[in-house]
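Reading through the structure tokens given below for one structure.
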Amino acid sequence: MIDIAIAGGGIGGLASALFLHEQGEQPTVYEAARSIRELGVGINLQPHALRELSTIGLQDAVLQAGVSCDHWGLYNEYGQEVWSEPRGLAAGEHWPQVSIHRGTLQGILLAAVRERLGADRVQTDRRLGAFSQDRSMVQTSFTSVDGARTEVESDVLLGADGIHSQVRRQLFPDEGQVCFSGQNMWRGLVKARAYLGGHTMAIIGHDAQKFIAYPITPPDDEGFALINWIVELPTDRPLGREDWNRTAEVGDLAARFTHWRVPWLDVASLIAQTGVAYEFPMVDRDPLPRWTHNRVTLLGDAAHPMYPIGANGASQAIRDGAALSRAIAASGVAGLASYDDERRPLTRDIVLSNRKLGPEAVLELAHVRAPHGFDRIDDVIPRHELEAVARDYRTLTWASAPASHDAENSPV
């Protein structure tokens with residue numbers, strides 16, 4: 001057993017603790033916030049992430065707390081289908097794709113860590129200040145809100161502290177600010193009538209105006225579900241660092257969509273009914289030349305923050321944790337290097353693909369070629385072209401699944 005400190009109590013950090021515990025380790029998670037609360041909006045977990053969670057016995061808990069996403073579709077602003085495909089179990093895979101509230105997922109992971117590792121293995125109000133390492137250990141300093149310092153010695157330090165990672169900043173002090181896409185995002189949750197059967201992620205619009213919606217609860221007896229929505233709009237006003245999670249006025253935002261004519265979803269009304277919405281910058285970071293520096297490594301958004309395209313952020317963080325735990329089980333501290341070799345090239349390719357909008361790129365193509373709609377999508381974009389875009393992205397994001405899993409769930 002080696003002594004492992006994890007900086008960050010988000011999805012990646014907590015999942016990593018559980019995967020490491022499954023391999024016989026007893027890591028400690030240090031979280032900067034004074035308490036870990038179930039905040040945020042909806043996220044999606046890909047089948048390969050559910051496969052990993054099943055190895056630590058959490059697949060059923062996650063599925064019960066969310067809803068299976070059985071269908072994924074791209075549509076223009078008239079609600080016409082550009083491309084769609086089944087997902088998860090509906091696509092014949094062995095594992096579901098799950099839409100779930102981010103805070104709920106974090107709560108499930110946190111409860112499991114406290115139950116299996118002990119409550120003292122999650123320490124809050126511990127903001128990482130600095131670390132140093134030598135050939136035998138890592139020395140890390142954490143600071144509390146009241147200024148008290150905690151010095152921690154460990155064999156390994158895992159930086160799972162998000163897109164503004166202090167671990168990453170110390171490893172790469174000259175990296176600079178995040179890379180802004182030129183778009184801001186707005187996110188909200190609202191109880192509304194389910195659409196397209198109640199298990200569909202719908203991505204509507206084009207580059208200059210995009211709306212994404214998916215339920216995170218199944219429809220109730222009256223046909224209503226909790227719908228997560230996202231708006232993406234270009235802007236020349238990137239949000240500052242202190243503006244993240246800023247609340248937004250939904251009235252002005254809804255007005256941007258009153259001209260849309262989607263027969264099965266009143267987009268403007270859905271936005272207008274939302275109580276609170278949050279504004280975020282759409283950002284990522286350039287891929288790094290390496291994550292692992294001797295006894296210190298990165299994972300999740302600290303390692304590979306990416307645009308929220310293809311529903312891969314949380315899924316790839318979970319897969320990082322699973323791969324890291326296997327590497328440590330096989331080689332101890334030396335496994336950090338093999339983890340880097342395995343995961344970094346794969347996530348780099350996803351980051352770069354998402355900058356090109358991944359599979360959503362065909363929406364802009366449909367908009368340019370048929371701005372007023374179409375009778376047949378095949379007259380606008382040939383079927384083989386659509387199939388190639390979807391296949392290439394599925395192959396890319398599935399690329400790092402364990403070999404036994406690849407054979408059962410090939411995306412091709």
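Quick caveat, the model's predicted, so the values are computed rather than measured. Numbering starts at 1 and runs along the sequence shown. Quick note: numbers below take in every heavy atom, side chains included, and nothing from hydrogens, waters or symmetry partners.
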Knowing that exactly one of E52, H48, E342 qualifies, which makes a side chain to side chain donor-acceptor pair (under 3.5 Å) with R319? H48

Please list all pairs passing the ring pair (Phe, Tyr, Trp, His ring centres under 6.0 Å) test where one or both residues lie in residues 2-32, with sequence neighbours left out. Y30-F142

More than 12 heavy atoms of other groups within 6.0 Å of D146 CG: yes

State which residues pass side-chain hydrogen bond (donor to acceptor under 3.5 Å, both in side chains) with S325; sequence neighbours excluded, sorted by chain then number. none

Identify, with sequence neighbours excluded, every residue that meets side-chain hydrogen bond (donor to acceptor under 3.5 Å, both in side chains) alongside D120. none

H164 versus Q177: any side-chain heavy-atom pair under 4.5 Å? no

So do the side chains of I271 and R256 get within less than 4.5 Å of each other, counting heavy atoms only? no

R355: which residues meet the side-chain hydrogen bond (donor to acceptor under 3.5 Å, both in side chains) condition with it, sequence neighbours left out? D284, D286

Looking just at side-chain N and O atoms, do W229 and T274 make a donor-acceptor pair shorter than 3.5 Å? yes

Is D320 salt-bridged to R343, going by a charged N under 4.0 Å from an acidic O? yes

Do H293 and Q133 make a side-chain contact, defined as non-hydrogen atoms from C-beta onward lying under 4.5 Å apart? yes

Taking the side chain as every heavy atom from C-beta outward, state whether W72 and P359 have any atom pair closer than 4.5 Å. yes

Got a donor-acceptor contact below 3.5 angstrom from the T124 side chain to the R34 backbone? yes

Backbone N/O of L226 and side chain of T217: donor-acceptor pair under 3.5 Å: yes

Could you list the donor-acceptor pairs under 3.5 angstrom formed between side-chain atoms of residues 35-42 and any protein atom two or more places apart in sequence or on another chain?
none

Could you pull out all residues at least two apart from R121 that satisfy side-chain hydrogen bond (donor to acceptor under 3.5 Å, both in side chains)? T28

Mind telling me whether Y339 and W291 have parallel, tilted or perpendicular rings, with 30° and 60° as the class edges? tilted

